Every structure is written in structure tokens, then in C-alpha cells.
J.: 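Can you read through this structure? Questions will come right after.
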Amino acid sequence: MERRNRLLVATLAVIAAALLSACDQAPRRSGLRFLIGFSQANLTEPWRIEMTEEVKAEAARYSDMKIIYTDAADSTSRQIDDVHRLMDYGIDLMIISPTDSHELTPVVREVYSKIPVIVLDRAVEGYDYSLFIGPDNERLGREGGGVITDLLKNRPGTVLEIQGRSGSPPTLLRSQGLREVLAKHPNIRIVDAIVADWLRDTAEDKVAEQIKVIPDLDVIFAQNDAMAFGAWKAARVAGRQGIKIIGIDGLPGPTGGIELVRKGILSATFTCPTGGKEALIYARDLLFHKEGIPKKIFLRPIKVTPEVLDQSQGVLPYPDRKALPMGRRILLGFAQVGSESEWRVANTKSIKSAAAKAGIDLLFEDGKQRQENEIAAIRSFIRKKVDVIAFSPIVESGWDEVLREAKGAGIPVIMTDRTVDLKDDSLWLSFMGSDFVEEGRRAARWLVEKIRTAAPVDIVELQGTIDSSPAIERTIGFTEILKAYPNFQIIASESGDFTRDQGYEVMKKILERESRKIDALFAHNDDMALGAIQAMEEAGLKPGKNVMIVSIDAAHGAFKAMIDGKLNCTVECNPLLGPQLMKAIKDYETGKDLPLRMITAEGVFPAETARTYLARREY
Ligand code: GYE
């Protein structure tokens, strides 16, 4: 072939190749404002197909953005490739539903260092992402346990559990929740747990084998509806129609869990919102740098039983939705715990300034650290017909009656900062605050890292208000980590009620009483730690030097004490919940369903960082 022609062909080939790669590139941004990448784990599970459809439906509402979808077909290595390819397209934000939480953690961290990342369903390890959205898996397990105890009406019974993917967070947490409830019913036994990887056929095969060796099986609890349906088929073939079967997902459609309950195949299931729609909504909030975006969001499951379907004529019962007055200013009633700490003062300020900024009228009541005052405040809000009630419950128990009155008055209730222990969770709409268990874990992790020793370490714990969720959960997190370090022992644990004065008084008594050398103090908040430091100094100790001190809140006073060398570390608990609360109320006003729980982003501040951060601290 003549040289010129060859040249022409080669030039055309190069142009074609460039064009092809340009085509391979995601349609570039002509007229587009945002390019979003959505990396899905697989498109075989009905629930994941639903998730992707939700993202598509929500995305279709906006013309200024485009989504690029990838399907990893359940391969972790392929998903890692997908993520890199999406980054090559120059996306502005990534949504990812990981195949494997552990394996995907490093690549998600890498992406997060460049652009916002929303993680859906299976959380990656740590907190290197913008927002996690997922079902509350532990709660799904607990609710499953609740249905089993209802079905068995306190009669003795046997349960076969069918688990999803072994070791995956949803599987572990659903099992944990189930066992937490059944542990309170010793006459109900889990006879076995089988793994079926979320797949119907695998469940059918394994149950067919298993029920041969379990003659008296009462209930099968499957961690998703597909496996529950598989179990039902196996039971039917084996002529074991009497076994009650419970699933999770509650998808609509002819083969979805709702239909399986309607047909009497399942005794119950739970909706398990995929988060696809929320991911898109929050993706836009992140891209527009909106305020008040939480770190973690857990979506509300709804129980589906034949009774629920009968009562609700097929429309699932979302907690009573009250239409808020469009256009008229919203009236919010807020009942606060008190003003016991720097944290609380900052929290009150945040609520008040955010309400003013959002144009929301606020009735604010200070409970002065007494539950009856908060209850009286809520009753006054009901009388004044406020549109929304929000409160920070000083303790976990004793709220059923007043919250039932609020429900009776049709007023939605949002909990901020602390939680309540209620059987009927339809009495509250949403919770926003911190992960107190994780705060306790962080305090312990810092302490064992700081005092790297095999020698005995004697710790004093100053607890917060008794029966309050932060006190209960911080102790759970702290002791959970210490389990792996038996030489770290809590030798005294008493409540200082979250106040500086009480921190001082209680520490003083412990020092007078305690003959053993105290190596460390874990205080549930900075204020108690500062009181304890004063008591230690009066007793001739060197707080921060011969006694290691870790506390929680990361308030101003703690930073000062760290700079003075008297406190060694403070774990952040973010009091600035005002913007989040007002955003939630506005979202609710516009008809959006609110997540069940919204968890704030927080850090850890060892003393050596105090000088750097002090100037930037907002509280
Ligand atoms: O740690 C403490 C306050 O409920 C998280 O209450 C809050 C706690 C906070 O008294 O300082």
C-alpha cells in the first residue's frame, strides 16, 4: 500500500481512537452542572435493583446533573476498578454501595480525600466519607425478635435463623438485634443459623436439608424476603406448613414481601428503605454545600403484618404524618434538659440561633435538669398547639404517657441529643444526635494507646446523669474496648450528673476513700473532668501527668485544660444541632419522610492538638 495511503489510514485511525475514547468518557459536561458516579455492588438482588431504580427516579427530576452507573456484579476487585474509572470521568460526587465493607474502605477513603462520598447500605470502616445512609439493621433484628415473641405468645418455641452474607455488617447487626430480644425470652431457642448469601435458591436448598433434622420447628427468621420465600418453598415441599416465616425488605410488586404477607406466605416482613432516593437528595445538599448534613442516617423500617395491611388498606403506616402549615411560620416547642454544662449552653444557643435564621418561631423551655419540668413543658406545647415538638430527654425512661398525648394531639415529635427507651417507636418521628457508644469506644481506644502497658491500670469513671442515654452508652462503648485489655480496670464508677460541681464533689470523695493509686480518669463530659482536676490538685495529685484524663464533649474549657497540661484528651460530642433540626423540620414541611436517626460527624482531640484547634472551635 502506497506510503501516503498508509499515512492517511494511520491518521484516520488515531482520530478514530481519540473519538472512541472521548465517547468512552462519560458525556462531558455540556450544560451539565454535576456529574455523579453511582457504584452498585450487584444488580441481582431485588432490593438493590429497587435502590438503583430509586436513584434513577429521583435523578430524573433534575436536568442539571447526570449519573453514571456501574455494576460490580458482586466482585470487589471489579468494584474497585469501577470506582477508579468513575474518578477518571471527573465526577463531582460518588455514591457507592459496597460489595465488601472492609475491602472497599481504602478506595472510599481515597475518593473522599478528593470529592464528597455517600456510602449506601453497608458501612465502610471508620468515618472517611461524607454521609452514610442505611437501614437500622440492629433494630430490624430486634423488631424481628419482637414479632417472634408476639407470634409465640410467650409459649416455648424454636427458631431457625437464615443469615445473609457471613460477616457482613447487615448480617451481624440483624443477628445481634434478634438475639438481644430473644435473650429476654429464655423459652424461645434459636436452634440453628444457616447462611444463604441473600439468595432464594440457596435458602431453599439449605432449609430443605435443615428441617429434616429439626422435627419441631416453630419459626424461620430470614434476613431478607428472598431467602424467606425460599424457606417457605422448602417447608411446603417437606409438608411443614405450620412453620411461621418472617422476612425483611417489604418490597412492593407481585414477588415483593408485602405481597407475600398478603398471600399468607410470610407472617411478617419489614420494609427496609434502600436509601436510593435519600442519597440523591443529600447528594444535591452536599454539592450545594448546605448546612446541617449529618454523618450517618438510618432509615425507618415499617412492620408489615396481615393486621397492618388490613388496617391500612394496603398503604403502609408511616408514623402519623401531619401536614405542616405551608407559608405560615412554623411554631416549634423545644424542651431542653437544663444548663448543666458548657455543651448544653452551646446546644441551646445553636437551637435558638438556627430557629431565628430559619424563620421558625420557637417556644423554648429549660427543664433545669428535672424530668417533670420537661414533661410539663411538653404538655404546655400541646396546649399551645405548636406544629412540632422537639426535646432532649434528660433520662431514657418515663416518656410514654406524655408522648402518647402529643401523638393524640397529632403533633410530630423529634428527639435531639439524647434518646428514650420506648416500646412503641411510633411515638417519635426522628432522632438527631451523636453515637454515644462510639464516643465511649474512642475514649478507651485513646487511653489504651496512650498507656501502652501490661501492668495494672486503675481507672476511675465519672458517669453522667443516671439513666441518661449518653451515660449508659458511653459506658457500654468504653467497657467494650477495655474487654481486650484486662489489665485496665475500672475501680470506681459514680455519677457526677454532668456538672463541674458534682465532678469535684464525687472525685473528692473517691480520693478520700480510695487507697489504691489512680492511674486514669474517664469522665463522661469535660465539666465533670474539670471539677475532678480541681479535687485531684487539692489532694496533691498531678492531673494530666501522673493521672491520665480523657473526657467527652471537646468544649472550650477542655481545650484550655489541655493547653495547661491538666487534661490529656477530649472526644468530641457535637452540640451544634440547631441547623440540622431546622433543616429536618423544613424537609418535613415539604413532605419529605425524615430518617429514623441522624448521627453527627465528630472527632477526637488529644492534648497535643489543642493549641492548633482552640481558635477554630465554635463552642
Ligand atoms: O455530653 C454533657 C451534657 O447529652 C450529649 O449532656 C449530652 C451530654 C453532654 O450535659 O456535657
Side-chain angles (χ1 to χ4, degrees), residues 294-296 334-351 366-371 373-374 390-397 399 414-421 431-443 461-478 494-504 506 521-533 549-561 567 569-578 580-581 597-605 617-619:
K295 187 74 178 179
K296 288 185 165 186
F334 190 93
Q336 178 63 293
V337 168
S339 50
E340 75 282 3
S341 66
E342 252 192 287
W343 189 97
R344 186 67 53 196
V345 172
N347 179 248
T348 295
K349 199 162 148 241
S350 170
I351 303 275
D366 176 343
K368 299 191 172 42
Q369 275 214 290
R370 303 190 65 75
Q371 183 176 28
N373 294 343
E374 283 199 276
F391 79 118
S392 174
I394 182 169
V395 289
E396 285 206 343
S397 48
W399 302 99
I414 297 176
M415 277 186 300
T416 65
D417 158 34
R418 295 184 184 178
T419 50
V420 295
D421 180 11
F431 162 78
M432 62 189 66
S434 307
D435 181 342
F436 295 134
V437 177
E438 180 60 21
E439 290 172 356
R441 291 192 193 111
R442 288 175 172 182
E461 178 186 28
L462 282 180
Q463 291 190 25
T465 304
I466 292 172
D467 187 33
S468 70
S469 53
I472 294 168
E473 293 170 19
R474 286 169 181 169
T475 294
I476 290 172
F478 190 77
E494 282 181 47
S495 172
D497 208 18
F498 283 129
T499 69
R500 185 171 181 147
D501 295 351
Q502 281 291 308
Y504 170 77
V506 173
L521 167 68
F522 168 44
H524 284 195
N525 80 342
D526 297 337
D527 302 69
M528 293 189 294
L530 298 178
I533 286 168
I549 305 181
V550 56
S551 62
I552 298 186
D553 281 352
H556 227 76
F559 279 78
K560 291 234 181 74
L567 180 72
C569 178
T570 183
V571 173
E572 183 173 30
C573 176
N574 188 341
L576 309 179
L577 299 173
Q580 242 180 69
L581 175 60
R597 289 190 294 133
M598 293 176 257
I599 306 297
T600 44
E602 293 169 344
V604 176
F605 297 92
R617 301 295 296 163
E618 289 177 67
Y619 65 95

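Whatever order the structure lists them in is the order used to number ligands and atoms, beginning at 1. Just so we're clear, the structure is a prediction, and the values are computed from it rather than from any experiment. Throughout, residue positions are numbered sequentially from 1 according to the sequence presented.
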J.: For Thr600 and Gln580, does a side-chain donor sit closer than 3.5 Å to a side-chain acceptor?
T.: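 There is no such pair between these side chains.
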J.: Over 60° means perpendicular and under 30° means parallel, so tell me whether Phe522 and Phe478 are parallel, tilted or perpendicular.
T.: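 The rings of Phe522 and Phe478 lie parallel, inter-plane angle below 30°.
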J.: When you check the side-chain N and O atoms of Ser397 and Asp421, is any donor under 3.5 Å from an acceptor?
T.: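 No donor-acceptor contact under 3.5 Å links the two side chains.
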J.: Got a salt bridge between Arg617 and Glu572, using NZ or NE/NH1/NH2 to carboxylate O under 4.0 Å?
T.: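 Looking at Arg617 and Glu572, the cut-off is met.
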J.: Output yes when Glu439 and Arg442 qualify as a salt bridge under the 4.0 Å nitrogen-oxygen rule, no when they do not.
T.: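 No.
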J.: Please output the residues near ligand 1 using a strict heavy-atom distance under 4.0 Å, listed in chain and residue-number order.
T.: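 Within 4.0 Å of ligand 1, the protein residues are Glu340, Ser341, Trp343, Arg344, Asp417, Arg418, Phe436, Pro470, Arg474, Phe498, Asn525, Asp553, Cys573.
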J.: Heavy-atom count check: over 12 atoms from other residues, nucleotides or ligands less than 6.0 Å from Lys349 NZ?
T.: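 Check fails, neighbour count at 12 or below.
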